[in-house]
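To start, the structure under review is shown below, and the notes come after it.
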Amino acid sequence: MRKTIVYGTIAAMAIACAQPAFASSSAEDTAAADAALDSSFADEGELERVDSLDLETALSRAINDSDNLALLELKYEALGQKQKDLEKTADDLEEAEPPNYALPGSAGSILSDPDYQIPEDATPDQLLWLGPVVENNAITNGLMQGMIGMIEGMNGLIASQRNQAEVAAKQMENNRANTELDQAEAKEGIALQMTGQYIQLLGERKQIELLEDYIEVLEGDVAKAEALQQAGMASADDIEQLQRQIAAQKDSLKTVSNNYQLGLVQLSFDLGIAYNPDVSLEPVEFTVPAAADRTDTETILAGSFELKRLYNNINQAEWEKDHTDTSTSYGDSYLQTSVELAEKQADQAKTDLRKAIESLYTEADNAYSSYAAAARVLEEQRRDYEKMKLRYEYGLISAHDLNDFAFQVQQYETKAEIARLQAFMLSRQIEAMERGFIQS
C-alpha cells in the first residue's frame, strides 16, 4: 500500500508540475459561475494546417508531442529528485555516541583513583569531604545512566528513521526504473494507436471510393432500365428497386463519410494540427509476407517491458526483506510474503504473455493467408476482365456490361487492399512485441 501511495503522489506531482501557473491571490481572478473565462485562457493558439500526411510523419508528431510522454518524463525527474532527497536524509541522520565514563562510586575507589591525588598518609580529618563526594558521585552516575538510556533510545529512533528513509529511497529508485520502462512502452503504444487510426482512415477512404463508384453503377442501371421500359422490356418495379438500392447505398456512404471525417478530427487533435477535411493521406508501402518470421518466445519475454517491471519489483521486495528493520515476526512474515507475491505475479505474467505472443503470430499468419487469397482472386478477376474487354471489342457484350464487370474488379481490389492494411497493422504489432510491447 505504501508503494501505491508514493507512486500516486509522485504522479500527482508530475501532473501538477506540468500545469501552467494561472493561480492568483486576488479574488478578482477566480472563475465565477456566471462569468466566462478570458478567451486567452481557452485559446489553443494557431494550429498548423497540413494538406498531405504520411504515416511516418504522423508517428513522429504523435510521439514527440505527446502529453503522456511529457508527464512520464516529469514523473521520472521527480522520482530522481525525491530519491536523492531521501538518500541525503538517511545520510544526515547520525546517531549520538553514549558517554563511556562513570565517577568513582565508593570511598575505596576514590582513595585508589590517581586522578584525586590523595596522599597515603592523609588523616581522617583531611578525608571529611569523602562522604559527600561519594554521595554526589552516586547521584551523578545515576543521572548519566539515565542520559545514556535516553541517547540509546534516540539512537534507536534515528536508526529506524534512517532505515525508513533508505527503504523509501530504494522504492524511488525502483519506481524510477519502472517509469523509464513506462516511457519506452508508451512510445510503442502511441505508435501502434496512431498506426491503427491511420490504417482505419485509409480503409474507410477505400470504402468511400467504392460506394461512390457503386452508386454510379446503379444510376447507370436505372438509366438502362428506363430505356428498356420505353421498349416494353422492363417494368416500373425494376426501376423502383434500383432506386431503393441507390438510396440505401447513399445512406451507407453518408455513414462511412461521417466516420471518416470524425476519424480525421480525432487524428488532427492527436497530432496537434488544424482539422482539414480534404487532407490527403498517403498510402503505406508494405509487401505482405507468406508467413510471420517468428522470434523465439524466450527472447521476446526477456525483452518484455511488463516482465522487466515485475523483475524490478521482485528485486525490490527481496531488498526490502533483507534491509528493512522490523520489530515483530509479523513484519518479517509480511516482507517474505511480498517477495512470494511478486514472484507469483511474474509467473502468471509469463503464462499470459506466452499466450499473447502465440495468439498474435497466429493472427498475423491468418491475415497474411487472407490477403494471399484475396490477391489471388483479384488476379483471376483481372484476367477475366481482359477477356471481357476482348468480347466487348468484338461486340459480344455492351459497354454497360463491361462497366459492371469493371466495378466487380474494383470490389475485389478494395477487399485485397483492406486485407493488406490489416496485415500491415499486424506486422507493426509484431515489431512492437519484439521490441518489448506485448498486448496481453
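Quick note: numbers below take in every heavy atom, side chains included, and nothing from hydrogens, waters or symmetry partners.
- The neighbour count for Glu298 CD, taken as heavy atoms of other residues, nucleotides or ligands under 6.0 Å away, is above 12.
- Atom OG in Ser257 sits 4.0 Å away from atom CD1 in Ile208 (nearest 0.5 Å).
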TODO: Mind running salt bridge (charged side-chain N to carboxylate O under 4.0 Å, His left out) on Arg309 and Glu306 for me, showing each step along the way?
DONE: CA-CA 5 Å; Arg309 272 192 298 268; Glu306 182 176 351; 5.5 Å; no

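- A donor atom on one side chain and an acceptor atom on the other are found under 3.5 Å apart for Gln439 and Gln429.
- Looking at Leu353 and Leu301, their side chains come closer than 4.5 Å, going by heavy atoms from C-beta outward.
- Around CG of Asp332, the count of heavy atoms belonging to other residues, nucleotides or ligands within 6.0 Å exceeds 12.
- Counting only heavy atoms from C-beta outward, the side chains of Asn313 and Asn178 approach each other to under 4.5 Å.
- Taking a cutoff of 4.0 Å between a charged side-chain nitrogen and a carboxylate oxygen, Glu358 and Arg294 qualify as a salt bridge.
- Checking Glu204 against Gln200 by side-chain atom types alone, a donor-acceptor pair falls below 3.5 Å.
- Aromatic ring centres of Phe305 and Phe437: separated by at least 6.0 Å.
- Ala302 and Lys308 make their closest contact through O-CE, 3.7 Å (heavy atoms, listed as atom of the first residue, atom of the second, distance).
- Taking the side chain as every heavy atom from C-beta outward, Ile300 and Asp296 never approach each other to under 4.5 Å.
- Judged purely by atom type and a 3.5 angstrom limit, Thr57 has no side-chain atom pairing as donor or acceptor with the backbone of Leu53.
- Under a 3.5 Å cut-off, the side chain of Thr299 and the backbone N or O of Thr295 do not form any donor-acceptor pair.
- Within the 3.5 Å criterion, the main-chain N or O of Lys355 finds no donor-acceptor partner in the side chain of Ser359.
- Using a 4.0 Å cut-off between charged nitrogen and carboxylate oxygen, Glu318 and Lys321 do not count as a salt-bridge pair.
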Task: Residue pair Gln245, Gln241: steps toward the side-chain hydrogen bond (donor to acceptor under 3.5 Å, both in side chains) verdict - done: CA-CA 6 Å; Gln245 289 185 47; Gln241 289 299 321; 5.8 Å; no

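- To the nearest 0.5 angstrom, Leu181 atom CG is 10.5 Å from Leu307 atom CG.
- In this structure, the separation between CG on Leu253 and CD on Gln207 is 10.5 Å, given to the nearest 0.5 Å.
- A 4.5 Å side-chain heavy-atom check between Tyr275 and Gln261 finds at least one atom pair inside the cut-off.
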TODO: Begin with the C-alpha distance, continue with both residues' side-chain angles, and end with the deciding distance and a verdict on side-chain contact (heavy atoms from CB on, under 4.5 Å) for Arg428 and Leu59.
DONE: CA-CA 12 Å; Arg428 285 296 178 98; Leu59 293 177; 3.7 Å; yes

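- The pair Asp51-Arg49 counts as a salt bridge, with a side-chain nitrogen and a carboxylate oxygen less than 4.0 angstrom apart.
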TODO: Apply side-chain contact (heavy atoms from CB on, under 4.5 Å) to the pair Tyr214 and Gln410, showing each step before the final yes or no.
DONE: CA-CA 10 Å; Tyr214 186 36; Gln410 184 182 356; over 6 Å; no

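- Taking 4.5 Å as the limit, every side-chain heavy atom of Val339 sits out of range of all side-chain heavy atoms of Leu335.
- For the atom pair Glu340 CD and Asp347 CG, the distance stands at 11.5 Å (nearest 0.5 Å).
- For the residue pair Gln348 / Asp352, a side-chain donor-acceptor distance below 3.5 Å is found, with atom types taken as modelled.
- No salt bridge links Lys206 with Glu413; every basic N to acidic carboxylate O contact stays at or beyond 4.0 Å.
- Atom-to-atom distance recorded for Leu271:CG and Tyr198:OH is 10.5 Å, nearest 0.5 angstrom.
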Open item on the list: Test side-chain contact (heavy atoms from CB on, under 4.5 Å) on Glu379 and Arg382; report intermediate values, then the result.
Closed with: CA-CA 5 Å; Glu379 187 59 31; Arg382 284 173 173 168; 4.2 Å; yes

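- When all heavy atoms of Ala292 and Tyr361 are compared, the pair lying nearest together is CB-CD2, 3.9 Å.
- The main-chain N or O of Leu281 is found under 3.5 Å from a side-chain atom of Arg205 such that the two form a donor-acceptor pair.
- The minimum heavy-atom distance linking Pro277 with Leu264 is given by the pair O-CD1, 3.7 Å.
- In this structure the side chain of Lys254 never reaches within 4.5 angstrom of the side chain of Asp251, judged on heavy atoms.
- A donor-acceptor contact closer than 3.5 angstrom links the side chains of Glu282 and Ser52.
- Nearest heavy-atom pair, Asn276 versus Ser268, reported as atom, atom and distance to 0.1 Å: N-OG, 4.4 Å.
- For the pair Arg61 and Ile273, the tightest heavy-atom approach, listed with the atom from each and the gap, is NH1-CG2, 3.4 Å.
- Residues Asp182 and Arg176 are not paired through a salt bridge, judged by the lack of any N-O separation under 4.0 Å between the basic side chain and the carboxylate.
- Distance check: Gln197 CD to Leu201 CG gives 7.5 Å after rounding to the nearest 0.5 Å.
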TODO: Apply the test side-chain contact (heavy atoms from CB on, under 4.5 Å) to residues Lys415 and Val377: give CA-CA distance (whole Å), side-chain angles for both, the deciding distance (0.1 Å), then the verdict.
DONE: CA-CA 10 Å; Lys415 289 181 181 179; Val377 173; over 6 Å; no

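- Checked by atom type, the side-chain pair Asp404/Gln408 shows no donor-acceptor distance below 3.5 Å.
- Gln316 is not listed as a side-chain neighbour of Asn312, based on a closest heavy-atom distance of 4.5 Å or more.
- Shown here for Ala367 and Ala423, the closest heavy-atom pair between the two residues is CB-CA, 4.3 Å.
- For the pair Phe424/Leu55, a side-chain contact is recorded, criterion being any heavy-atom separation below 4.5 Å from C-beta on.
- Annotation: Phe407, atom CZ; neighbour count of heavy atoms from other residues, nucleotides and ligands within 6.0 Å is above 12.
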